[in-house]
Amino acid sequence: MEFQHVQVPAGDLIRTEGGRLVIGERPVIGLLRGDGVGIDITPAMQFVVDAAVAQAYGGRRRIAWCPLYAGLEGLHKYGSEFPPETVAAIRHLKVAIKGPFTTPVGEETHVCLATGRQGTREELIGKHGCRPEDVTARFRSINVRFRQHLDLYACVRPVRYFPGVPSPNKYADQVDFVIFRENTEDVYAGHDFERGSEVALAIIDLIQAKTGREIRRDSGIGVKAMSEFGTARLVRKAFDWAILNGLESVTLVHKGNIMKFTEGSFCKWGYELAAREYAGTFVTEKALLEEYGGELPQGRILLKDRIADNIFQQIQTRPGEYRVLALPNLNGDYLSDAAIALVGGLGLGPGANLGDEVALFEATHGTAPKYTGLDKVNPGSLILSAEMMLRHLGWPEAADRVLRGMEAAIRDGRVTYDLARLMRAEGRPDVVEVSCSGFGKAIVERMG
């Protein structure tokens, strides 16, 4: 496959056979540096990953990094922060990892659906003659666009405690679960209509005509669409993860007590998917009490559900009861950040966006522009995302070395400023604050 700016290095292109990845000894992995502190954390991640792979396999295996461009680099290379070539390259390579990207903020936030022209709403209608009904707000998040264009429907966020990291929660040492957040539906899908727009008013009128319910006419309108198809594939992904990793529970999280035909259906469809495809693999909480006396049979998965607002309490007071949680988009976004705060913050929060063939691993924090180029911020999120990537490739020996090195660096108090200040406040005078690259070196020195 030929590209304009992407130069694919020599190596083994990842392919799929029978729904499984085929990985060579030198897989080509897409690398998007990201904006802001991406210039600091991405090299640190590469240094750690390359060292882990070299140690684990004695030089027999190696990653061939393939630079790709989006965000500010995309603007420089292509004149677009979201180049189609980059999307095509990720789809071609099957696996990529990225730093954080800036979501541009400014007046040029609308697009004319009829012409594709972009600009302010006033410019498009007054200057360019676009019909008001054709002008809509532009959904500019680069992260969301990657998920939608590549159909990366599962956002996977492992949350675990690292001994030695101060936490505001007394049960932090019990935190070890994985959040599966649906990535393509719910209110995040972008069906969001401006106050007074033709679509917003039409929806208001339709609801009044069909149900008799009134919505204030000066309301903006968002459509919350959740499908059985989208729910089933997300819950399937969560179940497969639990089975692969020997985890004992899957929890469906929803707000079905209020939104019965969206969130409530998410829960209902999740149970139906389990009954249809995983019969004999799981036990419901009801069956656990009535048929098994409260004792989970060996090798079975406990399938349960929790109301969304209650789960925020549960992960603080009883985190050890949860291993895999499956949620719709919006609630999954909230819970992911709340959960990682229990164990030290976003600097230790890895993430992946998974589809049926393509996987895009990512730093889960923002670009922190005031720290750009200072070699200061914690690269842990991206390093732990790369650890997930190594397991996705089927290289657990290298992934284990990354985890061992990070655990030891934290235990020894060789950490970046964000963790150093927390650890000193907890009475660790021996802590040595290191740079972003220095943290990477500390991890590599302790891998063995």
Side-chain angles (χ1 to χ4, degrees), residues 153-161 169-182 186 226-332 334-336 338-340 342-343 354:
Y153 57 83
C155 180
V156 184
R157 299 280 293 273
V159 184
R160 55 161 291 177
Y161 174 71
N169 190 279
K170 65 185 293 185
Y171 303 115
D173 59 344
Q174 299 177 29
V175 174
D176 188 6
F177 51 75
V178 184
I179 293 172
F180 277 73
R181 165 191 167 196
E182 203 288 321
D186 204 350
M226 296 172 64
S227 70
E228 183 176 5
F229 172 82
T231 298
R233 63 180 185 174
L234 185 277
V235 174
R236 183 181 299 116
K237 209 80 162 175
F239 252 98
D240 288 346
W241 184 284
I243 293 169
L244 179 65
N245 293 282
L247 303 178
E248 65 269 24
S249 71
V250 172
T251 304
L252 307 172
V253 180
H254 61 95
K255 191 63 178 169
N257 57 328
I258 303 298
M259 292 170 279
K260 301 185 184 302
F261 302 112
T262 50
E263 303 266 343
S265 292
F266 176 88
C267 180
K268 170 177 171 284
W269 292 329
Y271 275 103
E272 290 175 351
L273 179 280
R276 188 167 62 247
E277 299 186 13
Y278 298 93
T281 301
F282 72 95
V283 173
T284 65
E285 286 184 297
K286 185 173 184 291
L288 182 69
L289 293 175
E290 295 179 355
E291 301 175 27
Y292 298 99
E295 293 291 327
L296 185 66
Q298 184 73 23
R300 296 285 189 93
I301 293 171
L302 179 61
L303 176 60
K304 47 192 174 181
D305 68 273
R306 296 290 182 269
I307 299 298
D309 45 349
N310 183 44
I311 199 68
F312 282 86
Q313 182 222 172
Q314 295 276 307
I315 64 170
Q316 296 181 67
T317 59
R318 298 151 66 180
E321 296 183 9
Y322 300 97
R323 289 294 174 259
V324 178
L325 301 103
L327 302 90
N329 207 334
L330 178 63
N331 289 329
Y334 293 156
L335 191 70
S336 296
I340 201 63
L342 297 176
V343 294
L354 305 180

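Here, residue 1 is the first one in the sequence, and each next residue gets the next number.
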Could I get the full list of salt bridge (Lys or Arg N to Asp or Glu O under 4.0 Å) partners for [X], not counting sequence neighbours?
X: K170; result: none
X: E295; result: none
X: E321; result: R318
X: K304; result: none

* Does D186 reach the main-chain N or O of L330 with its side chain, forming a donor-acceptor pair under 3.5 Å? -> yes
* **Donor-acceptor under 3.5 Å (Q316 side chain, F312 main chain)** => yes
Residue pair [X] / [Y]: nearest heavy atoms and the distance that separates them:
X: N310; Y: R306; answer: ND2-CD, 4.1 Å
X: F180; Y: L234; answer: O-CD1, 3.8 Å
X: A154; Y: K237; answer: CB-CG, 4.2 Å
X: A242; Y: V250; answer: CB-CG2, 3.8 Å

Show the atom names and distances, to 0.1 Å, of all donor-acceptor pairs under 3.5 Å that link a side chain in residues 256-263 to residues at least two apart or in another chain.
from : atom 1 : to   : atom 2 : distance (Å)
K260 : NZ     : N257 : O      : 3.1
E263 : OE1    : K255 : N      : 3.0
E263 : OE1    : N331 : ND2    : 3.3
E263 : OE2    : K224 : NZ     : 2.9

Ignoring hydrogens and angles, write down the donor-acceptor pairs under 3.5 Å from the side chains of residues 271-284, residues two or more places apart or on other chains.
from : atom 1 : to   : atom 2 : distance (Å)
Y271 : OH     : D305 : OD1    : 2.7
E272 : OE2    : K268 : NZ     : 3.2
E277 : OE1    : R236 : NE     : 2.8
E277 : OE2    : R236 : NH2    : 2.8
Y278 : OH     : R236 : O      : 3.4
Y278 : OH     : D240 : OD1    : 2.6
T281 : OG1    : Y278 : O      : 3.3
T284 : OG1    : A287 : N      : 3.1

* Do L252 and L303 pass the side chain to side chain contact (heavy atoms under 4.5 Å, CB included) test, and can you show the C-alpha distance, the side-chain angles, and the key distance before you say yes or no? -> CA-CA 8 Å; L252 307 172; L303 176 60; 4.2 Å; yes
To the nearest 0.5 Å, what is the distance between [atom1] ([X]) and [atom2] ([Y])?
X: R323; Y: L302; atom1: CZ; atom2: CG; answer: 12.0 Å
X: E285; Y: T251; atom1: CD; atom2: OG1; answer: 7.5 Å
X: F266; Y: L327; atom1: CZ; atom2: CG; answer: 6.5 Å
X: R160; Y: L342; atom1: CZ; atom2: CG; answer: 15.0 Å

* To do: List in chain and number order the residues that pass side-chain hydrogen bond (donor to acceptor under 3.5 Å, both in side chains) with Y153, two or more places apart in sequence or in another chain; answer none if no residue qualifies.
  => D356
* All side-chain hydrogen bond (donor to acceptor under 3.5 Å, both in side chains) counterparts of N245, not counting sequence neighbours -> none
* Does any non-hydrogen side-chain atom of R157 lie less than 4.5 Å from one of V178? -> no
* Asked: Does a side-chain heavy-atom distance below 4.5 Å link I301 with E248?
  -> no
* Asked: In chain order, what residues pass the side chain to side chain contact (heavy atoms under 4.5 Å, CB included) check against A339, with sequence neighbours excluded?
  -> V159, F177, I179, I315
* Under the ring-ring contact (aromatic ring centres under 6.0 Å, His included) rule, collect the residues that match up with W269, sequence neighbours excluded. => none
